[in-house]
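Taking it in order: structure first as structure tokens, then the write-up.
Basis for what follows: all heavy atoms, side chains included, without hydrogens, waters or symmetry-related copies.
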Amino acid sequence: MRVTSKGQVTIPKEIRDHLGIGPGSEVEFVPTDDGARVVAVNENISEEEASRNFSRLLDQMAGTLDLGGMTTDEYMDWLRGPREDLDID
């Protein structure tokens with residue numbers, strides 16, 4: 001695919017069909033470590049559908065973080081680093 005002088009690209013039909021992209025649809029280009037990802041923006045999604053999609057995403061992510069035996073509090077302390085705003089002896 002070639003980028004035009006206006007910075008435009010044509011999204012292949014099979015991708016448009018898969019993502020439900022049609023005339024007037026909005027898409028976002030999300031940067032990734034190895035390039036970019038095209039994401040269809042669906043503004044007409046109901047709150048219930050958005051909640052189901054979010055729950056599905058959480059289910060897919062379950063069990064993917066290995067804390068190395070740390071508790072959640074220990075992990076958050078490790079992640080955030082020392083708290084200089086607390087006066088703890």
Side-chain angles (χ1 to χ4, degrees):
M1 193 177 330
R2 201 173 299 270
V3 178
T4 69
S5 61
K6 290 182 170 185
Q8 298 171 330
V9 294
T10 300
I11 301 170
K13 182 174 181 353
E14 63 189 37
I15 303 296
R16 293 192 316 263
D17 291 347
H18 179 73
L19 296 176
I21 298 170
S25 294
E26 291 188 26
V27 297
E28 291 181 8
F29 289 86
V30 180
T32 64
D33 288 339
D34 57 350
R37 189 167 45 111
V38 177
V39 178
V41 177
N42 188 346
E43 296 176 0
N44 297 325
I45 191 168
S46 70
E47 189 172 324
E48 183 178 314
E49 181 66 19
S51 178
R52 278 195 303 268
N53 289 347
F54 185 66
S55 292
R56 232 178 278 127
L57 178 63
L58 289 178
D59 289 343
Q60 291 172 352
M61 292 174 20
T64 60
L65 178 62
D66 180 5
L67 300 180
M70 288 187 274
T71 66
T72 302
D73 288 337
E74 291 169 335
Y75 179 74
M76 293 305 293
D77 288 342
W78 172 84
L79 184 66
R80 292 178 178 154
R83 297 276 314 261
E84 295 177 8
D85 61 326
L86 298 178
D87 187 24
I88 300 175
D89 294 324

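V41 and V27 are members of different hydrophobic clusters when ILVMFWY side chains are connected at heavy-atom separations under 4.5 Å. Side-chain heavy atoms closer than 4.5 Å link hydrophobic residues (I, L, V, M, F, W, Y) into clusters, and following such links, possibly through other members, connects L65 to M76. At a threshold of 4.5 Å between side-chain heavy atoms, the hydrophobic network of Ile, Leu, Val, Met, Phe, Trp and Tyr places Y75 and L58 in two separate groups. Under the 4.5 Å side-chain heavy-atom criterion for Ile, Leu, Val, Met, Phe, Trp and Tyr, V3 and F29 are members of the same hydrophobic cluster. Taking hydrophobic clusters as Ile, Leu, Val, Met, Phe, Trp and Tyr residues chained together by side-chain heavy-atom distances below 4.5 Å, V9 does not share a cluster with V39.
Across all their heavy atoms, M1 and P12 have their closest contact at CE-CD, 3.7 Å. Nearest approach of S25 to G20, heavy atoms of both residues: OG-O, 4.1 Å.
Interatomic distance, CD of E74 versus CG of L79, reported as 13.5 Å (0.5 Å rounding). Rounding to the nearest 0.5 angstrom, the gap separating the OG1 atom in T72 from the CG atom in L67 is 6.0 Å.
Side-chain N/O atoms of T71 and D73 include no donor and acceptor closer than 3.5 Å.
Pairs of residues two or more places apart, or lying in two chains, that qualify as side-chain hydrogen bond (donor to acceptor under 3.5 Å, both in side chains) and include a residue from residues 12-24 are K13-D17.
By the neighbour-count criterion of 12 heavy atoms within 6.0 Å, atom CZ of R56 is densely surrounded, having more than that number from other residues, nucleotides or ligands.
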TODO: Quick one: do M70 and W78 satisfy side-chain contact (heavy atoms from CB on, under 4.5 Å)? Show the steps, please.
DONE: CA-CA 9 Å; M70 288 187 274; W78 172 84; 4.2 Å; yes
